[in-house]
Amino acid sequence: MNLRKEVSIFLGIKFKAIKNRNRLTVRSYISDKARKAILTLIRQEIKELQRRRTATQVLKFNSIILGIQNYYRMATMVNIDFRKIGYIVNKSLMNRIGKPSDKKDKKYKLRYKGYNFQVWNVAETTIFTLQAVKFKIPKLFSVKKRVQKEEKQIEMNEIEDPQIEAILRLQRNSTCEVTGKYIAGNDNFYVHRLVPKEHGGSDDLENLMLLDSSFKTLLKSENREDYYKDNENYARILKTLSKYK
């Protein structure tokens with residue numbers, strides 16, 4: 001592909017060659033599709049935050065913001081792209097949460113030291129700012145160390161990682177990988193591991209499937225082969241899972 005004439009998109013990142021001082025420089029942006037998905041997800045979470053003004057809900061919102069930032073900060077133009085999205089997000093916060101404030105809690109000050117954005121507080125907890133992010137060169141990691149880290153996490157904590165869930169929903173466009181239907185809402189999805197934890201499966205995105213929440217009971221049933229043998233959705237998910245064997 002000739003990046004001088006057209007763009008290349010990979011996992012939500014758009015690449016384009018730009019002429020800079022008589023030489024070509026590759027710049028990366030958040031793809032249009034990913035930007036729309038980010039905005040849709042954040043708007044849903046703001047609506048939920050408007051209904052449930054609790055510290056727990058703010059922490060959930062903040063974990064999603066962190067997940068989005070940690071993934072897309074590999075794009076060289078992430079700051080400009082997030083500023084555009086952040087402008088719309090701020091208008092939504094203004095309409096649903098109220099006026100912004102200059103008051104920031106300790107976690108916000110520690111995470112976003114050096115940034116000077118207006119913020120919103122709910123239940124004395126500061127909402128994280130999407131556009132407070134800069135480009136960071138992605139680092140390679142040791143597979144062995146990553147596996148050891150995953151095993152320790154499995155032993156210590158069985159709770160799902162909301163950052164991983166947020167990134168997965170963005171990458172898969174919040175669409176069930178079996179039915180192909182859009183998954184709306186915060187609790188209507190289920191993340192399924194192709195290789196289970198007890199067999200060494202990790203939380204790498206390649207090992208995860210995004211499914212409608214109705215599949216959770218189905219897949220965790222001990223007698224699912226007998227009980228669901230005439231179930232259309234069970235037949236469909238077996239067919240889908242067979243591709244990964």
Interatomic spacing from CD1 in Ile68 to CZ in Phe128 - rounded to 0.5 Å: 13.0 Å

Donor-acceptor pair, side chain of Ser31 and main chain of Ala34, under 3.5 angstrom: yes

Side-chain touch Gln44/Leu41, heavy atoms, less than 4.5 angstrom: yes

Any Lys14 side-chain heavy atom under 4.5 Å of Ser8 side chain: no

Point-to-point distance, once rounded to the nearest 0.5 Å, from OG of Ser213 to OH of Tyr190: 11.5 Å

Steps toward side chain to side chain contact (heavy atoms under 4.5 Å, CB included) verdict (Ser174, Tyr182): CA-CA 6 Å; Ser174 200; Tyr182 179 78; 3.6 Å; yes

Pairwise side-chain contact, Tyr72 with Ile38, heavy-atom cut-off 4.5 Å (strictly under): yes

same_hphob_cluster(Phe135, Phe10) at 4.5 Å side-chain heavy-atom cutoff: yes

Close side-chain approach of Leu39 and Ile88, heavy atoms under 4.5 Å: yes

Test side chain to side chain contact (heavy atoms under 4.5 Å, CB included) applied to Asn90 - qualifying residues, sequence neighbours left out: Leu93, Trp120, Gln131

Heavy-atom neighbours of Tyr87 OH exceed 12 at 6.0 Å: no

Interatomic spacing from CD1 in Ile65 to CZ in Phe82 - rounded to 0.5 Å: 8.0 Å

Side chains of Thr76 and Tyr29, donor plus acceptor under 3.5 Å: no

Any residue meeting salt bridge (charged side-chain N to carboxylate O under 4.0 Å, His left out) with Lys104, in chain and number order, not counting sequence neighbours: none

Full working for side chain to side chain contact (heavy atoms under 4.5 Å, CB included) between Met77 and Ile80: CA-CA 6 Å; Met77 309 304 289; Ile80 293 175; 3.4 Å; yes

Separation of Phe61 CZ from Ile127 CD1 (nearest 0.5 Å): 6.0 Å

same_hphob_cluster(Leu59, Ile46) at 4.5 Å side-chain heavy-atom cutoff: no

Asn95, CG atom: more than 12 neighbouring heavy atoms under 6.0 Å: yes

Whether Asp212 side chain and Cys176 backbone form a donor-acceptor pair below 3.5 Å: no

Test item: Leu49 and Thr54 side chains (from C-beta on) under 4.5 Å apart, heavy atoms: no

Exercise: identify the closest heavy-atom pair between Ile30 and Ala75: N-CB, 4.5 Å

Point-to-point distance, once rounded to the nearest 0.5 Å, from CZ of Phe117 to OG1 of Thr126: 14.5 Å

Heavy-atom donor-acceptor pair, Gln69 side chain to Thr129 backbone, under 3.5 Å: yes

Check: Glu124 and Asp105 side chains under 4.5 Å, non-hydrogen atoms: no

Nearest atoms (heavy-atom pairs only) where Arg53 meets Arg96: NH2-O, 2.8 Å

Heavy-atom check, side chain of Gln57 versus side chain of Glu48, under 4.5 Å: yes

Distance in Å, Ser28 OG paired with Lys16 NZ, rounded so as to fall on 0.5 Å steps: 14.0 Å

Thr125 side chain vs Ala123 backbone, donor-acceptor pair below 3.5 Å: yes

Val89 side chain reached by Ile85 side chain, heavy atoms, under 4.5 Å: yes

Geometric cation-pi criterion, Lys103 with Tyr108: 6.0 Å, 45°: no

Side-chain donor/acceptor of Glu177 to backbone N/O of Leu210, under 3.5 Å: yes

Evaluation steps, side chain to side chain contact (heavy atoms under 4.5 Å, CB included), between Leu66 and Arg111: CA-CA 10 Å; Leu66 283 178; Arg111 172 74 186 182; 3.1 Å; yes

Considering all heavy atoms, the nearest Val133-Asn79 contact: O-ND2, 3.0 Å

Joint cluster assignment, Ile137 & Ile13, ILVMFWY side-chain distance < 4.5 Å: yes

